[in-house]
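Here is the naming used below: chain letters follow the sequence lines, and residue numbers restart at 1 for every chain.
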There are 2 protein chains.
Amino acid sequence: MKSRKIFNRIAVLRIERKMSRQELAEKIGVNFQTIGYLEREEYNPSLDLAFRISEVFKLPIPFIFSTKPLKALSDELLNKKTNN
Amino acid sequence: MKSRKIFNRIAVLRIERKMSRQELAEKIGVNFQTIGYLEREEYNPSLDLAFRISEVFKLPIPFIFSTKPLKALSDELLNKKTNN
DNA sequence: GCTTATTATTGTATATATGCAACATTTGGT
DNA sequence: ACCAAATGTTGCATATATACAATAATAAGC
């Protein structure tokens, strides 16, 4: 099926929460190198893994993952509220 | 990582929209037998495939897929609005 | 009941995600 | 500049998703 590349915000979210890949990996139950692959978008997570990440961050899947490149959170925020 | 089983509403949604597996498969770009495997929950879709299904049905991923068994749509509906 | 479309089953092949180890590179703190 | 922690890279092994074909079983229309 030639799978499309899926973009994600894992790195930003992890850093915002001050976690190392090691820690995140433990919470999720994968090898810490797997987090690396995901953050670099070298491959897509399985749906189950996506759900686990969504659970750890307590954020919906479509907020973390997207088929189109994700805008920086900082930008999104400032564009949403015109009152800056 | 011993992947958890993911439940889904593909069959119901497909039938509501009066599509055969063949048709759905074409819209999504997979083999029609793959739809069968997914509906029977014999394996989980990739994240990309989940996104495609979400796009075809125009419904968010968490509505279609869940780590916990999904209640029947009919039940959900009637429980939500106590005014029946 | 017959015919046809739809779905299930079995088996095999390929692509991709994940694990794991060993070493290189980068980054942060002092 | 040094040391330690974090991340990147390469390579190989395994599990799982997807494709495809051929046949069986089931359902739907007439």
Inset, instruction - Classify the nucleic acid contact of A/Gln22 as base, sugar-phosphate or nothing, counting any heavy atom under 4.0 Å across all strands shown. - result: nothing
Legend entry - A/Ile10 CD1 to C/dA17 C1', straight-line distance once rounded to whole Å: 13 Å
Inset, instruction - Using atom CE of B/Met19 as one end and atom P of C/dT7 as the other, report the distance to the nearest whole Å. - result: 12 Å
Inset, instruction - May I have the distance from B/Ile35 (atom CD1) to C/dA8 (atom C1'), rounded to whole angstrom? - result: 15 Å
Legend entry - B/Tyr43 side chain near B/Thr34 side chain, heavy-atom distance below 4.5 Å: yes
Inset, instruction - On DNA chain C, check which nucleotide each of B/Gly36 and A/Val30 is closest to and give me the residue with the more 5' one. - result: B/Gly36
Inset, instruction - Take A/Ile15 and A/Met1, find for each the nucleotide of DNA chain D with the closest heavy atom, and name the residue whose nucleotide sits nearer the 5' end. - result: A/Ile15
Inset, instruction - Let me know the distance between CG of B/Asn44 and P of C/dT18, rounded to the nearest Å. - result: 11 Å
Inset, instruction - Indicate, with a heavy-atom threshold strictly under 4.0 Å, whether A/Gln33 touches base, sugar-phosphate, or nothing. - result: base
Inset, instruction - Indicate whether OP1 or OP2 belonging to C/dG19 is found under 4.0 Å from a side-chain N or O atom of A/Thr34. - result: yes
Legend entry - N/O (side chain, B/Ser20) to phosphate O (OP1/OP2, C/dA5) under 4.0 Å: no
Legend entry - Single-linkage hydrophobic cluster B/Phe63~A/Ile61, side-chain heavy atoms < 4.5 angstrom: yes
Legend entry - Terminal contacting nucleotides, 5' and 3', DNA chain D versus chain A (heavy atom, 4.0 Å): D/dT7 to D/dA19
Legend entry - ILVMFWY cluster, B/Ile15 and B/Leu73 together (side-chain gap under 4.5 Å): no
Inset, instruction - Would you check if A/Met19 and A/Phe57 make a side-chain contact, meaning some heavy-atom pair closer than 4.5 Å? - result: yes
Inset, instruction - Mind calculating the distance between CD (A/Glu26) and P (C/dC20) to the nearest angstrom? - result: 13 Å
Inset, instruction - Considering only NZ, NE, NH1 and NH2 on the basic side and carboxylate oxygens on the acidic side, decide whether A/Glu23 and A/Arg17 come within less than 4.0 Å. - result: no
Legend entry - For atom CD1 of A/Ile6 and atom C1' of C/dA17, their distance in whole Å: 13 Å
Legend entry - Spacing of A/Glu39 atom CD relative to C/dT27 atom C1', expressed in whole Å: 15 Å
Inset, instruction - Under 4.5 Å between side-chain heavy atoms, chaining through other members, with only Ile, Leu, Val, Met, Phe, Trp and Tyr counted: pull out the rest of the cluster around B/Leu70, sorted by chain and number. - result: B/Phe7
Legend entry - 4.5 Å side-chain heavy-atom contact, B/Asp48 and A/Phe65: no
Legend entry - A/Arg52 vs C/dT18: side-chain N/O to OP1/OP2 distance below 4.0 Å: no
Legend entry - Spacing between B/Glu42 atom CD and C/dG11 atom P, to the nearest angstrom: 13 Å
